[in-house]
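Structure first, then comments.
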Amino acid sequence: MCRSAGIIPVMITGDHPATALTIAKRLGIVSDDGRVMTGAELSQLSQKAFEAQVLDIRVYARVDPQQKIQIVRALQDKGEFVAMTGDGVNDAPALKRADIGVAMGKGGTDVAREASALVLLDDNLPPLCMQCVKGGVSLITSASSSNTP
């Protein structure tokens, strides 16, 4: 649904890479040959090397809050308008850094809601996607296996 609105979904999670890839495939974020970049791999790259491939990576696993900011910044440096969803305290810095932070209203923490420009009262992302105008938008979803449909 997000793709039809011109949104490129990117998933960032603290989950294991195999779990992240399984969820991303189920949600249609990546195909069977999709690549997952881990926080450990990201930490080994220079910012320049990371920015050279950031537009091709759709799934990040085992990342820390600072790396979430790094991912958002790299996408912005490539000219992307970044909307980030999140629900936890660890998402708050990246929610604030994104062009628009979107917090989960039901399941989210107060910290995530306060850091965001928009709060989804019902934690339902598809209606938001339907309202988006086509254009260069990267929607980053900070997900865990416990809060992913």
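- With rounding to the nearest 0.5 angstrom, the CG atom of Asp91 is 7.5 Å from the OG1 atom of Thr85.
- Residues passing the side-chain contact (heavy atoms from CB on, under 4.5 Å) test with Ser31 are Asp33, sequence neighbours excluded.
- Across Ala61 and Val36, no two heavy atoms sit closer than the pair CB-CG1, 3.7 Å.
- Taken from OG1 in Thr22 to CG in Leu27, the straight-line distance is 11.0 Å, to the nearest 0.5 Å.
- A pairwise comparison of heavy atoms in Gly39 and Gln67 identifies O-NE2, 2.7 Å as the closest pair.
- Legend: residues meeting side-chain contact (heavy atoms from CB on, under 4.5 Å) with Ala18, ordered by chain and number and at least two apart, are His16.
- A donor-acceptor pair under 3.5 Å is absent between the side-chain atoms of Arg58 and the main chain of Val10, judged by distance alone.
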Could you give the side-chain donor-acceptor pairs of residues 108-120 under 3.5 Å, partners two or more places apart or in another chain?
from: Thr109; atom 1: OG1; to: Asp87; atom 2: O; distance (Å): 3.3
from: Thr109; atom 1: OG1; to: Ala112; atom 2: N; distance (Å): 3.1
from: Asp110; atom 1: OD1; to: Arg113; atom 2: NH2; distance (Å): 2.3
from: Arg113; atom 1: NH1; to: Gly105; atom 2: O; distance (Å): 3.2
from: Arg113; atom 1: NH1; to: Gly108; atom 2: O; distance (Å): 2.5
from: Ser116; atom 1: OG; to: Ala103; atom 2: N; distance (Å): 3.4
from: Ser116; atom 1: OG; to: Ala112; atom 2: O; distance (Å): 2.8

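- Shown here for Ser46 and Ala49, the closest heavy-atom pair between the two residues is OG-N, 3.0 Å.
- Taking CD of Glu51 as the start and CD of Gln70 as the end, the distance is 8.5 Å to the nearest 0.5 Å.
- Between Lys68 and Pro93 there is no side-chain heavy-atom pair separated by less than 4.5 Å.
- How far CZ of Arg35 is from CG of Asp56: 8.5 Å, rounded to the nearest 0.5 Å.
- Among all heavy-atom pairs drawn from Ala20 and Met11, the shortest one is O-CE, 3.0 Å.
- Under the 4.5 Å side-chain heavy-atom criterion for ILVMFWY residues, a single connected hydrophobic cluster contains both Val72 and Leu55.
- Not counting sequence neighbours, the partners of Asp99 by the side chain to side chain donor-acceptor pair (under 3.5 Å) test are Gln76.
- Cluster membership check: Ile71 shares its hydrophobic cluster with Leu45, using side-chain heavy-atom separations under 4.5 Å among Ile, Leu, Val, Met, Phe, Trp and Tyr.
- The two residues Arg62 and Gly14 come nearest to each other via the heavy atoms NH1-O, 2.8 Å.
- To the nearest 0.5 Å, the span separating CG on Leu42 from CD on Gln44 amounts to 9.5 Å.
- Judged as a side-chain contact (heavy atoms from CB on, under 4.5 Å), and not counting sequence neighbours, the contacts of Glu41 are Met37, Thr38.
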Handout entry: side-chain contact (heavy atoms from CB on, under 4.5 Å) assessment of Glu80 paired with Val54
Key = CA-CA 11 Å; Glu80 296 292 320; Val54 69; over 6 Å; no

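- The two residues Val59 and Ala24 come nearest to each other via the heavy atoms CG2-CB, 3.4 Å.
- Residues passing the side chain to side chain donor-acceptor pair (under 3.5 Å) test with Gln66: none are found, sequence neighbours excluded.
- With hydrophobic clusters built from ILVMFWY side chains whose heavy atoms lie under 4.5 angstrom apart, Phe81 shares a cluster with Val102.
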Practice task
Begin from the C-alpha positions of Val63 and Thr13 and carry the test side-chain contact (heavy atoms from CB on, under 4.5 Å) through to its verdict.
Solution key: CA-CA 7 Å; Val63 298; Thr13 181; over 6 Å; no

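- The CD1 atom of Ile12 lies 10.5 Å from the CD1 atom of Ile57; values are rounded to the nearest 0.5 Å.
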